[in-house]
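In what follows, a structure is listed as structure tokens, so that the remarks can point back to it.
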There are 2 protein chains.
Amino acid sequence: MSDVELWRELGQQLRVDAVRTSAEAGSGHPTSSMSAADLAAVLLAAHFRYDFDEPKSPANDRLIFSKGHASPLVYGLFRAAGAIDEDELMTYRQFGSRLEGHPTPFLPWVDVATGSLGQGLPIGVGAALAGKRLNQVPMRVWVICGDSEMAEGSMWEAIEHAAFYELDNLTAIIDVNRLGQRGETMHGWDLASYTRRVEANGWAAIEIDGHDVEQIDRAYREAEGTTGRPAAVVARTIKGKGYSKVENHEGWHGKAVAEEAVEELGGVRNIRVDVSKPEGGPGRTFAPSGAEWPRYELESKVATRKAYGEALAALGGERGDVVALDGEVSNSTFAEIFRDAHPERYFEMYIAEQQMVAAAVGMQIVGWKPFCSTFAAFMTRAYDFVRMAAVSRATVKLCGSHAGVSIGEDGPSQMGLEDLAAFRAVHGSTVLYPCDGNQTAALVQEMAEIDGIAYLRTTRADTPVIYEAGDAFPVGGSKTLREGDDVTLVAAGITVFEALKAADALADEGIEARVIDAYSVKPIDAATLRAAGERIVTVEDHWAEGGLGEAVLAAVADADERPRVVTLAVREMPHSGKPAELLAAAGIDADAIAEAARRLVREYARA
Amino acid sequence: MSDVELWRELGQQLRVDAVRTSAEAGSGHPTSSMSAADLAAVLLAAHFRYDFDEPKSPANDRLIFSKGHASPLVYGLFRAAGAIDEDELMTYRQFGSRLEGHPTPFLPWVDVATGSLGQGLPIGVGAALAGKRLNQVPMRVWVICGDSEMAEGSMWEAIEHAAFYELDNLTAIIDVNRLGQRGETMHGWDLASYTRRVEANGWAAIEIDGHDVEQIDRAYREAEGTTGRPAAVVARTIKGKGYSKVENHEGWHGKAVAEEAVEELGGVRNIRVDVSKPEGGPGRTFAPSGAEWPRYELESKVATRKAYGEALAALGGERGDVVALDGEVSNSTFAEIFRDAHPERYFEMYIAEQQMVAAAVGMQIVGWKPFCSTFAAFMTRAYDFVRMAAVSRATVKLCGSHAGVSIGEDGPSQMGLEDLAAFRAVHGSTVLYPCDGNQTAALVQEMAEIDGIAYLRTTRADTPVIYEAGDAFPVGGSKTLREGDDVTLVAAGITVFEALKAADALADEGIEARVIDAYSVKPIDAATLRAAGERIVTVEDHWAEGGLGEAVLAAVADADERPRVVTLAVREMPHSGKPAELLAAAGIDADAIAEAARRLVREYARA
């Protein structure tokens, strides 16, 4: 069989397999797979370099299905490559199968989960940055994009960043099948509408008939030969191609098609492709350069955001695998300290938080440990990316600065007040919230070892140093700063200092307050909280929902002795003002804490 | 004074006021205001049509500062227009002042809060859609954009949608001052990099010197005269323009400059501009066309997502102010039923959830009641927009479909499992989660009356109808479906049916279980929960954090008699499978509920 014949036959095989798997499952997206089958066939047979036995090798090309719903096509490719067999193929979408409805790293050859559209290309930018700038290996990232998902702004963040970083190792294959889920896209088959826009961003663009395997091969060669900029293959395709009953018809998105399609497609094939392996090794690593960890003097003052930057720079000296990304606020988050210490491992992502998190997900595929930073308020911009990073089983570290009303004059748009809730509700996440510089440094060091999504919340203002340099702050722990049996005050971050002041005031009145610094918001130190007595006041610079207070409530929910818990939190929309004014207005300052504790002790004694 | 002289002087006045206000406050963004001062001066004096006494009139032009940090410029404009006086101007950033660090609708002439970059232009798209397609009035939306924020993908969603909808009543003014917060933008003063990209999207683009008032005036005229497409004025400007010490210097973002700048700028001025008022009235309204509310028969089955679509269509018949937007999944969310009933009030937003929510925020400025829908999982894409919508005091309704593991085979990327946590943690939000069709219809009707952000969570599967059509479901209420004093099962949505089955099983064993349908997750029916006895099992198709379980815990946290609460929720990453398999695997099906209840009754009796 000639190459061209092989490609054509393989395309038909991929279509047949898409039909078979989804017919067996009774659901899935065969028509979206059929449009891209020829694009995928030529890629696998003639261009893709990948060692299926070493999926994590940085030398590998990467293939990311940004249009994750074309999962039948992904699994068909894996069968053609010999990675999975016929029996496993037919388990598609069954409970317990590795072949999920949308691809996830449950399968070792799927680097990242896709299925939330508009994420594969930005992740590909991260993978390409890792290959070109970190590992410096001749790998290529291939991203198969749907035309519908080009409406996601995140795709255009990726396109702009890829051009800026001159990622000539990135190829976007846009499967322009004209039809979205519920009808035609904005641009239909107007290929030029895509070409014009990617070219305006500085990309090369190649328009082709996405069912002509020779044109596809030439386009991939052209993309491979393009230097200094990424290339997009803009392919006109037909949704449902190969089965006349559904070809280019609306109403067939996400629906299994009848087995009779197999016949029209020429029957089941069993072509096995020997996928080329990459040449060369894993490329560059960074040797530890030595670390001087920051040590803050007791009773001095430093902002935890600054300690983050200083600790991250130290961590980067200690570990060559640590990289940092920031969303154009590195002089506020203090990621700039890392940038200055380790410029080759720092990536400016400009004001594009989705791209920032996606790039981190792309980099961690081959083992880099990315730390992303921006204001806590703006990290929420990337929430869907963080959610999907968890589905990807990705290990990514996030730092949100400028948390809460304590930022002061800038006002509510800049105050992260929902970040604890949002990032607690991410599967397998760790949520940390230090109050002082030494604690921050220790937690940054802890973060390096955490699998999954780890989120660190930092504060704008300088805060007093209350812990010794070198004190240990294990994830899941807490610090009891003051002992007292009348009432327990549970605080974290900026409110620790308010709680300490409140405890002083209460002590003057003869009320002994325990103060717990719950720096590990998730997992929280349930054992300590359950032993904290029958009256608890929690206080947080965050909305009342989903943050520290509810984390404490969850920890004591089914204890034998359930404490009475009063949760102090921000409940009205803050305005601008001085930090102290805003803490007072929100009812989370020392006075408010003391008053809540006083009332609790009084009422509970009466009850 | 000639027009040109006036414009120049007004530009200097705006600079002086920016310097004065931020010097007085000791913080703020004067340099970012100074770059755009001439652009703003010519706009106010010669192009903007606005009635300061009727800020909500649909006939008004809209001025949106997408670069919200240029708030000193906003307030300088208001002083020049006579809306605020010198004394109020100088309260900038003080506690209690309406002149917040970033603009918010605390001031009646600020339509929407900005300050999270990349949001003003997408909101402007909504305002322009309202003007052109709903009210059909000759208003114009002017959006002043920073060059840094052009890196946000949401800006490009806006640019694509504005072209698609031929919004020739929208003008974007891009203030290309070259400098972001921490250094140069990706494109510096390469105006063509912006022009090329907006033109590639089908916009007109006009490059000018942003400090030449005659060029500015001509550009605005050209924009006003452009038909069939939006226009962008791409203006080369100098950050800190007018004060030589900071002009075009890095390191001056977000910093007050010395009062000495006032002298170099020629001193304080008191020019008062009579802003032109718009002609014409509020434009088109839609008369109620009559509504046939859906009524589902007891024991029939219907998906709550379908009931959402049918109820929304009915609501649209009852109220002419209801509009709907969907993110290219209207055949899944069933927003298509509204589209077919009220095509003039339906807006397809394609796969661009940020633009969808932003457009809704833009439309509600003049009183439209927008309902947005997409999968619950994908609504998280717009989380920062929802957060900011709350700061905007916007009234927007959101519907997230396909919640939880119960969607089945599509797998975790499509499962909304964090939406309750995310949307509970939005200031002033309402979170509703119906289980059956009649309840859904009632809650859609309730939503129309809710101020602020209201979120409705719907389910993919058909579920049994258990309530009568016409039953009332007030916000903040609950329904006790089964009485029983041994244990209380609190469920919502899909888990209501599992809880009912569990109660049946428990009854067979002699355990009397109360079943509460907590359809109003926020505000939750605290009174009923506090009276629900000493043993509670909560069960939700959602992560354990921030959802129904923690809402219940918060409601009973400081009750005199605190129940022991066991929270059942999704705790492991789900896979693909049949809905029943996944509910069982997550430990939230009837068997798991019954077992938890059994154990609680047994252990608590022992304790």
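Owing to the predicted nature of the structure, the values given are computational and were not obtained by experimental measurement. In what follows, every chain begins at residue 1, and chains take the letters A, B, ... in the order their sequences are listed.
- Among B:Ile351, B:Thr380, B:Val426, the residue making the largest number of heavy-atom pairs under 4.5 Å with chain A is B:Ile351.
- If you measure heavy-atom distances from B:Thr185 to chain A, the contacts under 4.5 Å come from the backbone alone.
- Residue B:Thr567: no heavy atom, backbone or side chain, is found under 4.5 Å from chain A.
- Here B:Ala425 is the residue among B:Ala559, B:Gly202, B:Ala425 with the most heavy-atom pairs under 4.5 Å with chain A.
- Proximity to chain B (any heavy atom under 4.5 Å) is restricted, for A:His29, to the side chain, taken from C-beta onward.
- Annotation: the span from B:Glu534 atom CD to A:Arg562 atom CZ amounts to 8.0 Å, rounded to 0.5 Å.
- With a threshold of 4.5 angstrom between heavy atoms, A:Pro563 approaches chain B through N, CA, C or O but not through any side-chain atom.
- Of all the listed residues (A:Ala421, A:Gly546, A:Ser116), the one sharing the greatest number of non-hydrogen pairs under 4.5 Å with chain B is A:Ser116.
- The CD atom of A:Glu418 sits 11.5 Å away from the CZ atom of B:Phe423 when rounded to the nearest 0.5 Å.
- Both the backbone and the side chain of A:Glu328 come within contact range of chain B, judged by heavy atoms closer than 4.5 Å.
- In this structure, the portions of B:Met186 lying under 4.5 Å from any heavy atom of chain A include both its backbone and its side chain.
- Heavy-atom pairs under 4.5 Å with chain B were tallied for A:Leu582, A:Leu420, A:Thr195, A:Asp558; the largest tally goes to A:Asp558.
- Proximity to chain A is absent for every atom of B:Met379, based on heavy atoms less than 4.5 angstrom apart.
- Interface summary for chain B: among A:Glu157, A:Glu152, A:Arg197, the most heavy-atom pairs under 4.5 angstrom belong to A:Glu152.
- Side chain to side chain, A:Gln119 and A:Asp384 meet the donor-acceptor criterion of an N or O pair below 3.5 Å.
- For the options B:Arg93, B:Glu100, B:Arg381, heavy-atom pairs under 4.5 Å to chain A are most numerous at B:Arg381.
- Counting heavy-atom pairs under 4.5 Å between each of B:Glu353, B:Arg424, B:His542 and chain A puts B:Arg424 at the top.
- From A:Asn331, atom CG reaches atom CZ of B:Arg182 across 8.0 Å, with rounding to the nearest 0.5 Å.
- Contact of B:Pro574 with chain A is made through the backbone alone, with heavy-atom distances under 4.5 Å.
- Under the rule for a side-chain hydrogen bond (donor to acceptor under 3.5 Å, both in side chains), B:Ser22 has no partner lying at least two apart in sequence or in another chain.
- If you measure heavy-atom distances from B:Pro103 to chain A, you find no contacts under 4.5 Å at all.
- The distance from the CE atom of B:Met155 to the CD atom of B:Gln355 is 10.5 Å, given to the nearest 0.5 Å.
- Ranked by heavy-atom pairs shorter than 4.5 Å toward chain B, the options A:Gly68, A:Gly101, A:Ala151, A:Gly411 are led by A:Ala151.
- Between chain A and the residues B:His161, B:Glu348, B:Glu336, the most heavy-atom pairs under 4.5 angstrom are made by B:Glu348.
- There is no contact between B:Met356 and chain A, counting heavy-atom distances below 4.5 Å.
- Across A:Phe385, A:Tyr383, A:Phe375, the residue that shares the most heavy-atom pairs under 4.5 angstrom with chain B is A:Tyr383.
- When A:Val566, A:Val329, A:Asp326 are compared by the number of non-hydrogen pairs under 4.5 Å with chain B, A:Val329 comes out ahead.
- When heavy atoms are compared at a cutoff of 4.5 Å, B:His69 does not approach chain A at all.
- Side-chain N/O atoms of B:Lys522 and B:Ser429 include a donor and acceptor closer than 3.5 Å.
- To the nearest 0.5 Å, atoms NE2 (A:His102) and OG (B:Ser413) are separated by 4.5 Å.
- Defined by atom type and a distance below 3.5 Å, a donor-acceptor pair is present between the side-chain atoms of B:Tyr92 and B:Ser71.
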message = Is there a salt bridge (Lys or Arg N to Asp or Glu O under 4.0 Å) between A:Lys67 and A:Asp147? Walk through the geometry before answering.
response = CA-CA 9 Å; A:Lys67 51 177 293 185; A:Asp147 50 351; over 6 Å; no

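- Heavy atoms of B:Ala113 lying under 4.5 Å from chain A are absent altogether.
- Crowding of B:Glu561 atom CD: a count of heavy atoms from other residues, nucleotides or ligands under 6.0 Å not exceeding 12.
- With sequence neighbours excluded, no residue forms a salt bridge (Lys or Arg N to Asp or Glu O under 4.0 Å) with A:Arg393.
- Ranking B:Val391, B:Asp410, B:Leu553, B:Val565 against chain A, the residue ahead of the rest is B:Asp410, based on heavy-atom pairs under 4.5 Å.
- For A:Phe106 and B:His575, the distance between ring centers is under 6.0 angstrom.
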request  = Start with the C-alpha distance between B:Glu160 and A:His187, add both sets of side-chain angles, then the distance that settles side-chain hydrogen bond (donor to acceptor under 3.5 Å, both in side chains), and finish with yes or no.
outcome  = CA-CA 10 Å; B:Glu160 187 178 28; A:His187 306 288; 2.6 Å; yes

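- Contacts between A:Met388 and chain B at a heavy-atom distance below 4.5 Å involve the side chain alone, from C-beta outward.
- When heavy atoms are compared at a cutoff of 4.5 Å, A:Ala352 approaches chain B by way of both its backbone and its side chain.
- Proximity of a side-chain donor or acceptor of A:Ser576 to a complementary backbone N or O of A:Glu409 within less than 3.5 Å is detected.
- Using a 4.5 Å cut-off between heavy atoms, B:Gln181 touches chain A through backbone and side chain atoms alike.
- Put simply, CH2 on A:Trp543 and CG on A:Asp419 are 12.0 Å apart, with the number rounded to the nearest 0.5 Å.
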